[in-house]
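Heads up, the thing below is written out as C-alpha cells.
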Amino acid sequence: MAEAVVESYDIRSVERAEVLRYLGYAGQPLTSELDARVDEMVGRCLEVARPRGCVRVFDVAGRDEGEGAPVVRLSGTALELAGSSIDRHLEGAVAVAVLAVTAGMGVDAELRRLSLTDRVGQLLLDAAGTALVERAADAAEASVVARAAERGLFANGRFSPGYGDLPLATQPVLLATLDAQRLLGITLSSSLLMTPTKSVTAVIGLFREPRAAGRPGCAECACREFCSLRAAGTTCRG
C-alpha cells in the first residue's frame, strides 16, 4: 500500500468542444457574442482554478459476495467496491488506484459571484469548470498509468462512484481513505455532494497483463497530454 501522493496539475487549456458539450450544444449556430463569451469564461476558469489531486494504490485483498452484489475489498482500508459493474471492471486486478481531484474553491467562489451578476456567465463557467476537472482527472489517471508501469503493471480506465451499480454511497469511505478533506479540502454533504463542486473521485484497476479491451492508442488517449511514458518514448500498452 502506497502513501498518498498529492499532485498539482498544470492545465493551461480545455477542449472547447467539451465545454460546449456540457452546455448541451448540438451543432446549433452560435452568435459571435456567445462565441466570445465562451472563450472569456474558459479563460476565467483557467485563471481561478487550482487543479490538484491525490492518489493511493492498494493491493486487492479479495472478492466475495456482499448482500446480493459482488464486493472487491482493498488491503489495509475499509473501502469496499460493491456491484457487478465494478467487479467486471476490476476482474483480474491485483491492485487498485484510488484517486480524487478538484479544481479548487476558486471556481466555486466565481460561480457564486456570477450567480448574482451574470447568469449566462455562470452557466458558461460551470461548463468550463466541469471540462477542467475532467482534464485534472485525465492528469491523475496518467500518473496512475506511469506508476503502474514502474511496477510492471497495466492500468485500465477510471470508474467513479455512481457509474453502473457502484453506489454513490461509496464516496464517504473513498474520500476518508484518501484523507481528501485534509489534503485537498474536499468535503461531502449529507446528500453526497462534494465541495468544491468541481471535484471527481475514481478507481483504476492495475493488472499483471494488459486487458483484452486495452487502453486506447496514444493518438486517442485522453491522458496523452500528461503522459510521462509517452514523453520518455515508450507506451503503457506492453
Side-chain angles (χ1 to χ4, degrees), residues 1-9 11 22 45 48-58 60-61 66-87 89-90 95-115 122-123 125-141 143-144 157-205:
M1 179 180 67
E3 292 299 317
V5 175
V6 178
E7 306 167 325
S8 295
Y9 306 119
I11 298 176
Y22 290 125
C45 183
V48 300
R50 296 292 181 271
R52 300 169 68 233
C54 177
V55 177
R56 293 186 76 180
V57 176
F58 301 92
V60 172
E67 296 181 3
V71 176
V72 178
R73 305 186 188 280
L74 306 183
S75 180
T77 173
L79 180 61
E80 297 182 350
L81 304 172
S84 299
S85 53
I86 190 64
D87 186 62
H89 188 72
L90 297 177
V96 173
V98 182
L99 66 89
V101 298
T102 182
M105 286 302 297
V107 176
D108 279 26
E110 188 68 0
L111 286 169
R112 284 193 298 272
R113 186 186 71 80
L114 289 169
S115 72
Q122 180 194 18
L123 289 172
L125 187 79
D126 185 78
T130 300
L132 186 144
V133 77
E134 288 295 333
R135 293 299 287 142
D138 291 340
E141 186 175 330
S143 176
V144 169
R158 59 185 184 267
F159 198 106
S160 293
Y163 288 6
D165 60 352
L166 177 62
L168 193 59
T170 305
Q171 293 281 45
V173 181
L174 189 155
L175 290 169
T177 298
L178 292 173
D179 198 9
Q181 181 171 354
R182 181 177 67 86
L183 296 176
L184 299 176
I186 299 176
T187 60
L188 200 63
S189 73
S190 59
S191 56
L192 303 179
L193 297 177
M194 288 186 285
T195 300
T197 56
K198 300 308 178 185
S199 299
V200 169
T201 61
V203 298
I204 298 171

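As a basis for the values below, the full set of heavy atoms in this structure was taken, side chains included, without hydrogen atoms, waters or symmetry mates.
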What are the two closest heavy atoms between [X] and [Y], and how far apart are they?
X: P161; Y: L174; answer: CG-CD1, 4.0 Å
X: V101; Y: A140; answer: CG1-CB, 3.7 Å
X: L74; Y: A61; answer: C-CB, 4.0 Å
X: V144; Y: A97; answer: CG1-CB, 3.6 Å
X: C54; Y: L183; answer: SG-CD1, 3.8 Å
X: Y163; Y: R158; answer: CE2-O, 4.3 Å

To the closest 0.5 Å, what do you measure between [atom1] ([X]) and [atom2] ([Y])?
X: T177; Y: L79; atom1: OG1; atom2: CG; answer: 4.5 Å
X: S160; Y: I86; atom1: OG; atom2: CD1; answer: 9.0 Å
X: Q181; Y: T195; atom1: CD; atom2: OG1; answer: 10.5 Å
X: L168; Y: L193; atom1: CG; atom2: CG; answer: 8.0 Å
X: T102; Y: M194; atom1: OG1; atom2: CE; answer: 8.0 Å
X: R113; Y: Q122; atom1: CZ; atom2: CD; answer: 11.0 Å

Are [X] and [Y] close enough that some pair of their side-chain heavy atoms sits under 4.5 Å apart?
X: P51; Y: L132; value: yes
X: K198; Y: D126; value: yes
X: I186; Y: L188; value: no

Exercise for the section: Please report the C-alpha distance between L90 and V96 in whole Å, then the side-chain angles of each, then the deciding distance to 0.1 Å, and finally whether the side chain to side chain contact (heavy atoms under 4.5 Å, CB included) criterion is met. Expected result: CA-CA 8 Å; L90 297 177; V96 173; 4.0 Å; yes
Problem - Side-chain (R135) to main-chain (Y9) donor-acceptor, under 3.5 angstrom - result: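 No; judged by distance alone, with no hydrogens or angles, the pair does not exist.
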Handout entry: Main-chain N/O of D165 paired with S85 side-chain donor or acceptor, under 3.5 Å
Key =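 A pair under 3.5 Å: yes.
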Exercise for the section: Take T77 and R56 through the test side chain to side chain contact (heavy atoms under 4.5 Å, CB included) and record every step on the way to the result. Expected result: CA-CA 11 Å; T77 173; R56 293 186 76 180; over 6 Å; no
Practice task
Could you go through the side chain to side chain contact (heavy atoms under 4.5 Å, CB included) check for V173 and E80 one step at a time?
Solution key: CA-CA 8 Å; V173 181; E80 297 182 350; over 6 Å; no
Exercise for the section: Could you walk me through whether D87 and V72 pass the side chain to side chain contact (heavy atoms under 4.5 Å, CB included) test, one step at a time? Expected result: CA-CA 7 Å; D87 186 62; V72 178; 3.9 Å; yes
